[in-house]
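Quick note on labels: first sequence line is chain A, next is B, and so on, each numbered from 1.
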Amino acid sequence: MSKPSIPQGTRDFSPAEVRKRQYIFNTLRNIFETYGFQPLETPAMENLVTLTGKYGEEGDRLIFKILNNGLHEKKEDDKVKLNDEWNKVLSKPYSSPVVTERALRYDLTIPFARYVVMHQNELAFPFRRYQMQPVWRADRPQKGRYREFWQCDADVVGSTSLINEAELLCIYQSAFYQLKVPQVTVKINSRKLLAGISELCGTPELMMDITIALDKLDKIGWDGVAKELQQRGINDEGIAQVQKVIAVAGNNEEKLAALETIMQNSTTGLQGINELRQTLAYHKELADDAWDSKVEVDISLARGLNYYTGVIVEVTTSAVQMGSIGGGGRYDDLTGLFGLKDLSGVGVSFGIDRIYDVMEELDIFPKQLNTGASVMLVNFGGANEQYALQILKTLRKENIAAELYPDAVKFDKQMKYANKRSMAYVLLPGDEEREKNMISVKNFATGKQEMLSIEECIAILGTV
RNA sequence: GAGGUUGUAGCUCAGUUGGUUAGAGCAUCAGAUUGUGGUUCUGAGGGUCGAGGGUUCGAGACCCUUCAUCCUCCCCA
């Protein structure tokens, strides 16, 4: 028999890990709820056609497709066809509904758009929802990159107000403040600014190419970007324009002012600048002074998803070598893909697996998450076991988390188990205790032990 | 899709130019100790050295193939 294993890029989460992950989930959930977002869940799988074409060419390649399993092939002919088509399908990006018509969720935004279109008549717009579920990508796993990972998204659909953008910035700042992740920067940019740049270059149709090249600025430097721009068909004059734009420095307002001068002939570019200004103004009203992360205009921020149209954001921390830990933006016509026009949305996503990795590396999870706060009753068997069950019942009625060691095995073994489980208290319901209708309570941290009445015991354990 | 890394006990890893029966720490189990855990001490179990083939008198080590893993690029959270 071969050793058991799990698929590449997936992980088991042991109890201590789950507790830490839940700490992150709970923190985010609280914030989302505080900002008026409502919970939503969608299926792990979607129809393939729902997903294809939404994430760019590279994205399509990374969608996990589910092989049709015969449930839908009623005729023998169809089953033969399935076999024939399967080989062809393995060569991306070709796919055929004969072989696969379902796929695993790639992100939470597209399913959300699909949901909104399907439920448009029952929703109150603007609709604010948050969603925390796993997504799957057929990517090559590496540091901070998994094939199964969780996203926590908050989106507002049905409102073009930039207050929404400002609120989402606040959500990011509040979250990383509460989680105590240090050196966080929320980078903000606008697709309209990027469009403005490509206008300046005289090649508005090459916006995506310019964007992709620009995005690599902090990785390959200006020389690398210039080289890539050249390869992507931008002439020297255009490259000079791009250089002028990325040379812009200073604080956010100084950057925007400088860009305004450069972009004076681009209506789209100016529009982008105004949107950023307004967003930052709203944000200033809403932001808490205690939040220590920076919100920074970054003209080189691109983001690959091709449905973004307005403000785009991305979150990084310089405390750890790690890709972005969150991202999002405005999409003007997401639901249009599914037939519902003129509905604008904006949203952000938290990459909680990466946030976990960052927090783990920095060792900043609260310590008390690891220590069990529970109670164990030793099983002495016979009448004592019955007595223990009665106490167990009473404790649970008092909402005290407790367990009885199920087997009347050697005392030593039971104590070792309690120790390994980091029990806070161990209760000893033995002959003497039973006869006196009392219970010996041992504090497992201090080792101190005393015999108490059941009421006294509850009073002590209730504070754990 | 391209490039590299590492595969030896449940886990983390030693293992010399190829040489007897492949080791350690941790973990597990048992005992010291059948009403007192953590710290000790003693002992035990546990391996087709990732898999297949080749070279050799002899392979954990060298060669080929293959699988897995982690990392980098691409792209992304």
Inset, instruction - Using a heavy-atom cut-off of under 4.0 Å over every strand shown, decide if A:I212 touches base, sugar-phosphate, or nothing. - result: sugar-phosphate
Legend entry - Sugar-phosphate, base or nothing in reach of A:E148, heavy atoms under 4.0 Å: nothing
Legend entry - Nearest-Å distance for atom pair CD/C1', residues A:E58 and B:rC73: 12 Å
Inset, instruction - Answer with base, sugar-phosphate or nothing: what part of the nucleic acid does A:Y146 contact at a heavy-atom distance below 4.0 Å? - result: base
Legend entry - Considering all heavy atoms, the nearest A:T10-A:P7 contact: OG1-O, 2.6 Å
Inset, instruction - Provide, to the nearest angstrom, the distance between the CZ atom belonging to A:R434 and the P atom belonging to B:rG35. - result: 14 Å
Inset, instruction - Please determine if a side-chain N or O atom of A:K410 lies less than 4.0 Å away from the OP1 or OP2 oxygen of B:rG31. - result: yes
Inset, instruction - Please report, rounded to the nearest Å, how far the P atom of B:rU39 is from the CZ atom of A:F444. - result: 12 Å
Legend entry - No-H, no-angle donor-acceptor pair, A:N419 side chain to B:rG37 base, under 3.5 Å: yes
Legend entry - Presence of A:Q8 side-chain N/O under 4.0 Å of B:rU69 phosphate oxygens OP1/OP2: yes
Inset, instruction - Can you figure out which of B:rG35, B:rU36, B:rC75 approaches the side chain of A:R145 most closely? - result: B:rC75
Legend entry - Spacing between A:D153 atom CG and B:rC76 atom C1', to the nearest angstrom: 14 Å
Legend entry - Protein-nucleotide distance (A:D107, atom CG; B:rA77, atom C1'), rounded to Å: 10 Å
Inset, instruction - Tell me what A:G323 touches on the nucleic acid: a base, only sugar-phosphate, or nothing, going by heavy atoms under 4.0 Å. - result: nothing
Inset, instruction - Scan A:S349 against the nucleic acid and name what it touches under 4.0 Å (heavy atoms): base, sugar-phosphate only, or nothing. - result: nothing
Inset, instruction - Validate the cation-pi geometry between A:R21 and A:F13: distance from NZ or CZ to the six-membered ring centre under 6.0 Å, angle to the ring axis within 45°. - result: yes
Inset, instruction - Assign each of A:I325 and A:G447 to its nearest nucleotide of RNA chain B by heavy atoms, then name whichever residue's nucleotide is nearer the 5' end. - result: A:G447
Legend entry - Per-pair stack call A:F380 and B:rG35, 5.5 Å, 30°: yes
Inset, instruction - Taking ring-ring contact (aromatic ring centres under 6.0 Å, His included) as the test, write out the residues that go with A:F25, two or more places apart. - result: A:W150
Inset, instruction - With sequence neighbours excluded, tell me which residues meet side-chain contact (heavy atoms from CB on, under 4.5 Å) with A:Q131. - result: A:L40, A:T42, A:L108, A:F112, A:R129, A:Q133
Legend entry - Nucleotide B:rU33, atom P - distance to CG of A:D412 in whole Å: 11 Å
Legend entry - Spacing between A:L428 atom CG and B:rU36 atom P, to the nearest angstrom: 10 Å
Inset, instruction - For B:rG47 versus B:rA24, give the span between their C1' atoms, rounded off to a whole number of Å. - result: 15 Å
Inset, instruction - State whether the distance check finds a donor on one side and an acceptor on the other, under 3.5 Å, for side chain A:R140 versus base B:rC76. - result: no
Legend entry - Inter-nucleotide P distance (B:rC49, B:rU40), Å rounded: 34 Å
Legend entry - Sugar-phosphate only, base, or nothing, as touched by A:A445 at under 4.0 Å among non-hydrogen atoms: base
Inset, instruction - Report the distance from atom CZ of A:R61 to atom P of B:rC76, rounded to the nearest whole Å. - result: 12 Å
Inset, instruction - Would you kindly check whether a donor in the side chain of A:Q414 faces an acceptor in the base of B:rU36, or vice versa, at under 3.5 angstrom? - result: no
Legend entry - Shortest non-hydrogen contact between A:I400 and A:G462, atoms and distance: CD1-N, 3.9 Å
Legend entry - For B:rC49, the Watson-Crick or wobble counterpart (both distances under 3.5 Å): none
Inset, instruction - Counting heavy atoms from C-beta on, name the nucleotide in B:rC76, B:rA30, B:rU36 closest to the side chain of A:R137. - result: B:rC76
Legend entry - Same-atom distance (P) from B:rC41 to B:rA51, integer angstrom: 36 Å
Inset, instruction - Answer yes or no on whether A:R11 is positioned over the face of A:Y146, meaning its NZ or CZ is under 6.0 Å from the six-membered ring centre and within 45° of the axis. - result: yes
Inset, instruction - Check whether any side-chain N or O of A:K420 sits under 4.0 Å from OP1 or OP2 of B:rU28, and answer yes or no. - result: yes
Legend entry - Toward the 5' end of RNA chain B, by each residue's nearest nucleotide, A:G59 or A:D431: A:D431
Inset, instruction - Kindly say whether A:R102 contributes a backbone atom to a donor-acceptor pair with the side chain of A:K65 at under 3.5 angstrom? - result: no
Inset, instruction - Indicate, with a heavy-atom threshold strictly under 4.0 Å, whether A:K216 touches base, sugar-phosphate, or nothing. - result: sugar-phosphate
Inset, instruction - Report yes if at least one side-chain N or O of A:Q142 is closer than 4.0 Å to OP1 or OP2 of B:rU72; otherwise report no. - result: yes
